[in-house]
Amino acid sequence: MSETVIKCESVYKIFGENAKKMLEEANGNVDAKTFQEKGCIVGVNNASFEVVKGEMLVVMGLSGSGKSTLLRCISRLTDATGGKIFIEGQDLLELNNKELIELRRNKMGMVFQSFALLPHKTVVENIAFPLQIKGTNTEESINRAMEMVKLVGLDGRENYFPRELSGGQQQRVGIARSLAVEPDIWFLDEPFSALDPLIRKEMQDEFLRLQEKLQKTIMFITHDFDEALKLADRIAIMKDGIIEQLDTPANIVLNPATEYVRKFTEEVPREKVLIIEDVMDAPSKDNLGDLKVLKDDIIENVAEKILTQENIVGVVDKNNNIVGSIKPSKIIDTVFGGRKNDS
Amino acid sequence: MEYLKKYPKLFQWLFLLVVFLALCFAIEVPETYKFIRGQAEFIKDPNQSVYFFLGKEVRYYAFDVFWRLPPLLGWLPIWINDSLFFLMNEWMPMEFWNEDTQEFKTRPLLLQISRNLTSFMTFLIELIREILLGGLETIVAFTSWDFIDAYPWLELPGLPWTIVAAGAAILSYKLSGKGLALFAGLTMIYISIFGQWKPSMQTLSFILVAAPLSFVFGLGLGIAAYKSKRVEKALYPILLVMQTMPQYAVLVPALVLFGVGDHAAVIITMVVAVPPMILLTILGLRAIPPEVIEAGRMSGCTNWQLMLKVLIPTARRDILIGVNQVIMVCFSMAVISAFIGAKGLGFNLLLALNQLNIGLALEAGLCISLIAILLDKMSLAWANKQTDYFGNLTFFQRNKNTIFFAGSVVIGIILAYIGTFIFKESFNYLFEVPHNKGISTADFWNKGVDWIFDTFFVYIKAFNTWLIVDVLQPMRALYLRMPAVATLVLAVGAGYIIGGIRSALVVSALTLFIALSPWWDRALVTLYMATFGVVISCLIGFSVGTLCFQNKKSAAFMLGVCDIFQTFPSFVYLIPVMMLFGITDTSVLIAVIVYATIPATRYTIEGLRSVPVGLHEAATMSGVNKFQRLTKIEFPLAFPHMMLGLNQTIVFALFMVIIGAFIGTEDLGQYILKALSDKNGAGIGLTLGICVAFIGLIFDNLIRTWVNQRKKHLGIA
Ligand SMILES: Nc1ncnc2c1ncn2[C@@H]1O[C@H](COP(=O)(O)OP(=O)(O)OP(=O)(O)O)[C@@H](O)[C@H]1O
Ligand SMILES: [Mg+2]
């Protein structure tokens, strides 16, 4: 197992006066409704999880479910009301101002839901901003910022002001800015939701490519399940501040922990989530066809191939050892029938 | 009954009006009542009633309390005066080291503070003044008189005007470009050849101290208020009163605290200029989206970096409006503080007006307005400046402005030197054109004024007479005919209908203060003049604004005109009206109307502009014609914004009415002006100022409350 980068231990964030006192009195038993009656809003409710190095955790949930708030707690933009947060083993809440600034300057990057660009600075100045805050000299920071401008495909617009850009372009500036300091930990709050589908797909691919290369630890918020499936190592689903389930995409779809999660994932196309290993049978004694599929293949990608076979298809691991088998009929079951079976 | 349910407010208003009128008719004018003119209030008269409070004697003419309330606050001005005197001369005596006599001396704390502040300000002003005009006080401040006697060449020679002009042009070019550079150059040349150089530079040195100090203090306090709720709560009431306090009124206490001269003027200018700066700073900082601040934090900003690189630049728009206001107030005060001995253009302007030399006044007024516009544009350009990171500039290109300036210094000195040969006998015009030795157009203007007077005298006089006899006098009589109780009922009722109990309480407290002061009658006169001005200004402003709005270009043009007019110091408005109408109430009122029309026009255009474009299109699609669109969609939506314009219009009108006292009016302003030359005037001046401020605040409170409700109703809060 690689090292843990982010670790949360029963983190609470409650808005309102007396939040701290009320939390103590509640004894770890926080109920959003009773709190609301007393004038407090529960943002995050007892969140505990870990994110390891190079992992991408996608956080999902309805509007107002506390996703952004959770991210704000972990970046300490707001102080959590209760619980402990560790970043690379350091207790985040114990850091003094100076250490926190150091951490943010060198380790963290964040993309904001509403872009949050500085209106008085041009594209390139916005991107160079974190570098200049760190004390990098002007020339170096501008050069680096220009690299980032090219990376997000905004060359030619480096001297525009944010108000002269479209929403998608502004968000690309935000992404470029958060990457300029090469952070290890990367927080993204709905970074692609303002982009049109074409650019969104492009950015997602670019994002995956970057991640392959840079191996950053990422927390990623999105409303789009397709996007989550494409990117996520694990998915956390939040409701009213509570993390209902945190698991691999397949497990979330196959074994929803709560009724809410089941409903949430109902419409998700299984073949996009599940890999062969999830649905395969034990290695079969019968004669196998010529086709072999990897156990890590996503069903959608190999379904067509399998469906054209008449024989049972063998499943192999990376070293080409047979680890299981799969019948074409099983594929049909999964794609079309799975939903009914579950309910 | 149905109407009653549909328009409950309308019926409340009608009811209020009926009660008000009934009271007006029911309460008779007492036979002994007369408007107290001029010096009459100081006459001791056996008919007066007397009471003592806190050892102060208050004399007044007693009437039926329904007609006029007794001046129960009459002791306040005297008490303020005595307290100020006590604080300055007796409170907390301490030992202070005296540099001049080299020994300790006992002085009250406040006096010492005032003296230190004073000498600091004097030093700053003298420093800039002597760089521009030459002198030796700055050198003396660092050394001694003996030293300067020994080394007389150390005396600063002052800069030749050519260098200052070139410097202004080059700086303008660097900040903005050719247009502004040309304007700066021409302004300076104009000032010089018309012989206004010395007073202009005196005024400039005053502004260059007052404006930056006001900016820094305003910004600092604004930030403090933004960061701490407690600071804001403490500042807010003071800010509100200061916003509506006429500038004359603050002069009087300043006189007591800081004496006479430029230093007192700077301090008092700061007192007036800082509040709007604070308010706009708070407004700007509050409007920053929280995510922008978070983005700054995530970039690893320290608190300082966050403030300087994220918060202030992001709030730039509002802060810039603040800077504009500071400059405006500074120039206004540059003129007004001539009353307490500030030197420069303002002093010349007042002197010329006093001698009814309209031509001279016009020249000085033009100079000060030009400098005001120049500084305003320069500060704006400075804030909007951008850096170019990509141009591959040569050394010359990067430093050309510095090089040009150095060049112009050399040329300027050479020219001045050559000048000593050319103008052997007379003044060296290439160094400095002395005051009144330049070209003067005063005669021309004076002749023009005479000509206008001779030619149009009949018409002007007829108009004047008609206005005064048929409009102003009856209106004034009506206002004075209002019984105090009726006015109070009207104010409280309006407060209640608009804003409920809370507003009613605030409004009644403010009104009561004025009613219990010794100057209720005067306040009514002020109110009548302001009302007249505001009504006409609004009519003009709203219609001009609406007309200009029909076309993008004319709207932008009109806003530009408003910008420029707003930059003129308020006193300057008196010049042309005195030119045309002489010393009458008409003059004052026309100045009021012109001055107050600016905000009315500007807010109308801006309000109409703020109506979302989508709505226009939607309306046009649904087949609404232009006029319907204006009345059904644009006006209702723009109304809240326009009402804020009305608010500004009222404040502007009040200011001008008070300033109009210079021409001669019989309102609160007249007494404020009188308090200026009164040894014991501080308390009176301050109380009078508060009275005027409260008139403004009453309307401010009502309009704001109403606007907020409207906004909520329209869903644009
Ligand atoms: N500063 C705040 N003060 C009070 N309540 C807040 C604050 N910030 C967030 N909340 C509340 O906390 C809850 C969670 O908000 P949050 O912004 O985390 O939602 P979200 O999941 O990010 O939603 P979205 O998908 O719309 O961005 C909401 O009910 C919100 O009203
Ligand atoms: Mg969010």
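No experiment lies behind these values; they were computed from the predicted model shown. A note on names: the letters A, B, ... follow the listed sequences, proteins ahead of strands, and every chain is numbered from 1. Keep in mind that the numbers below use all heavy atoms, side chains included, and drop hydrogens, waters and symmetry copies.
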Quick check on [X] against chain A: is it the side chain, the backbone, both or neither that has a heavy atom closer than 4.5 Å?
X: B:Q305; result: side chain
X: B:P289; result: neither
X: B:R297; result: both

Under 4.5 Å from a heavy atom of chain B, the part of [X] involved:
X: A:L103; result: neither
X: A:N106; result: neither
X: A:E102; result: neither
X: A:F115; result: backbone
X: A:R72; result: side chain

With a 4.0 Å cut-off, would you call [X] and [Y] a salt bridge?
X: A:R200; Y: A:D224; value: yes
X: A:R144; Y: A:E182; value: yes
X: B:E606; Y: B:R602; value: yes
X: A:E88; Y: A:K107; value: yes
X: B:R286; Y: B:E232; value: yes

request  = Keeping the roles fixed (side chain from A:Q171, backbone from A:F112), state whether a donor-acceptor pair exists under 3.5 Å.
outcome  =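 Here the side-chain-to-backbone pair exists.
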message = If you count heavy-atom pairs within less than 4.5 Å of chain A, which of B:G296, B:P290, B:S299 leads?
response =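 Among B:G296, B:P290, B:S299, the one with the most close pairs to chain A is B:S299.
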Qualifying residue for side chain to side chain contact (heavy atoms under 4.5 Å, CB included) with A:I175, from A:I127, A:V111, A:L151 =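 The side chain to side chain contact (heavy atoms under 4.5 Å, CB included) with A:I175 is passed solely by A:V111 among A:I127, A:V111, A:L151.
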key: Heavy-atom pairs under 4.5 Å with chain B, option from A:E139, A:K134, A:Q113 with the top count   =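 Winner by heavy-atom pair count: A:Q113.
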